[in-house]
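A short write-up of the structure that comes next.
Whatever order the structure lists ligands and atoms in, that order sets their numbers, starting from 1. These values consider heavy atoms only, across backbone and side chains, with no hydrogens, waters or symmetry-generated copies. If you're wondering where the values come from, they're calculated on a predicted model, not measured in any experiment.
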Amino acid sequence: MADLEFNVIIESLKNVLSELYSSTTMSLWFDQLSIFSLDAKQVVLLAPTDFKKHILEKNYSSVLKEKLSEILGFDTKIKIISAESEESLKNTADTSGKKEESEEDVSAYKLRFNPEYTFENFVVGKSNQLAQATSLAVARHPAELNNPLFLYGPSGLGKTHLLFAIVNEIRKNFKDYQILYVTGEEFTNELIDALARKKPVAFREKYRNLDVLLVDDIQFLANKLGIQEEFFHTFDTLFKQNKQIILASDCHPREINNLEDRLKSRFEMGLVADIQPPDLELRVAIFKRKTVDMGFEIPNDVLLYLAENIKINIRQIEGSLKKLKAHSLISGDKINLNMARTVLSDFLKSAENSDNIIEKVFTYVTKRYGVTKDALKSPKRSADIAYPRHIAIYLIRELTSLSQKNIAKLFSRKDHTTVYNSITVIDKKMKNDVQFEREIKQTIEELKG
Ligand code: ADP
Ligand code: MG
């Protein structure tokens, strides 16, 4: 089967999954997942690293199997392999597989770029103007103006879009430039891998001979002092050679946990630009632009209704439009206000004032488990408190679009570790205990209503 068809399938899968999981979960575990081969019996999925393969197998294999079966229209088995283990690549190699995905491609992170993210299709408003303007300036004049450029803001507001727009723009005008886009997580994994294989020199050569380095989600380096040490030297080497560095993060450099002071000060040395949630005017403009890109039109009253109600992030804007378009195609009806109301009720609920939902969760958990709100927010780790805390965290994650970091703040935790643990514990319990799963799902529905 052609790669193109694989792409369609994997994109549908990611779309479905993105309705179930947070954007952090999506980018951690699913973003780089691809289809290696597919036949009437099984889909072989390719994960970039052994670690991810392991996590996917352990925590997500049943949902992957279920959703892929739905998409393909028949019951399929799944198998997950890792690009790191060459052997498994060879063993499963099948003529229809992605042959070109050689070891070199995978481990070298050749320039990844996303041609769909450009400056041209980035809609500008007050809340993202500075980030957009400085990104464009840097793309037109690399290493001449703002170095480093540091973009920060909550998830789903266009940071990654801008990074790829920079990549695309530089590729046009500086054809021989060595450009590398990585996420903080990839940098980390690659470094660990290079050290394990005793090949730090190759790693350094690769990172220190670039003209432009873009690191997305640099907050991943929080608390990882060893990795920060290496990144510091990468940064310094490039900077001293007057090479452009661009970083994106979900928070200001000063707010990244346990980030070495010398890195903090370097991150702030150039220009730090934030992106804020879009105001109504910008939301309307984005809705308009996205409908044009998606090739359909919606009446103005629907447009305004959507823009007034969908506020949190731009990924939701895209998601809601896809739903609306699909609904209109299937029903054959023209898009109108009533359709928008029905189809989008899910989205609107999730966009409902999250404070409200959070209060509801606390009320529910304190009553159901006989604990106080203060206890839930306290550092206490005894089971009688930790368990309801896991539940509360899980529910808030499911019912709001708060980042793990912001959920952590609600529980007076410095970083997202507690949140991550809670989600893992509850996910696991739900998998092993049908009764419990039902209760949680029912609670979620009730709290939504
Ligand atoms: P982040 O990296 O900040 O989490 P992304 O760059 O992934 O956010 O953006 C999420 C989605 O919203 C992407 O599909 C992106 O194209 C779209 N998007 C964000 N901001 C804009 C904008 N100003 N104009 C057009 N699309 C946008
Ligand atoms: Mg991003």
Part of Leu157 within contact of ligand 1 (heavy atoms, under 4.0 Å): backbone
Lys290 touching ligand 1 at heavy-atom level, < 4.0 angstrom: yes
For atom 25 (C) of ligand 1, the protein heavy atom that lies nearest, with its residue and separation: Asn121 O, 3.4 Å
Donor-acceptor contact below 3.5 Å, side chain Asn128 vs main chain Gly125: yes
Minimum-distance protein heavy atom relative to atom 21 (C) of ligand 1: Phe122 CE1, 3.7 Å
For atom 15 (C) of ligand 1, closest protein heavy-atom neighbour: His161 ND1, 3.4 Å
Atom 23 (N) of ligand 1 - nearest protein heavy atom and its distance: Val123 O, 2.8 Å
Heavy-atom side-chain proximity of Tyr60 to Ile80 below 4.5 angstrom: no
Heavy-atom nearest neighbour in the protein, as seen from atom 7 (O) of ligand 1, with distance rounded to 0.1 Å: Arg315 NH2, 2.9 Å
Identity and separation of the nearest protein heavy atom to atom 14 (O) of ligand 1: Glu318 OE1, 2.8 Å
Ligand-side contact atoms (ligand 1) for residue partner Ser155, heavy atom cut-off under 4.0 Å: 4 (O)
Ligand 1 atoms in contact with Asn128 (distance to a heavy atom under 4.0 Å): 23 (N)
Parallel, tilted or perpendicular: ring planes of Phe231 versus Phe267, cut at 30 and 60 degrees: perpendicular
N/O/S atom of Thr160 inside 2.8 Å of the Mg ion (ligand 2), strictly under: yes
Donor-acceptor pair, side chain of Gln178 and main chain of Leu210, under 3.5 angstrom: no
Heavy-atom neighbours of Glu229 CD exceed 12 at 6.0 Å: yes
Best match, Ser249, Gly156, Ser23: closest heavy atom to atom 4 (O) of ligand 1: Gly156
Whether Phe187 and Tyr207 hold their rings parallel, tilted or perpendicular, with breakpoints at 30° and 60°: perpendicular
Residue, atom name and distance, where the atom is the protein heavy atom closest to atom 13 (C) of ligand 1: Tyr117 OH, 3.5 Å
Phe232 six-ring face occupied by Arg262 cation (under 6.0 Å, within 45°): yes
For atom 8 (O) of ligand 1, the option (of Gly153, Gly319, Gly158) bearing the nearest heavy atom: Gly158
Atom 18 (N) of ligand 1: the protein heavy-atom neighbour that sits closest, reported with distance to 0.1 Å: Ile314 CG2, 3.2 Å
Cation-pi geometry met for Arg171 and Tyr177 (6.0 Å, 45°): no
Any donor-acceptor N/O pair, Lys14 side chain to Asp31 backbone, under 3.5 Å: yes
Close aromatic pair by centroid cut-off 6.0 Å: Phe411 and Phe362: yes
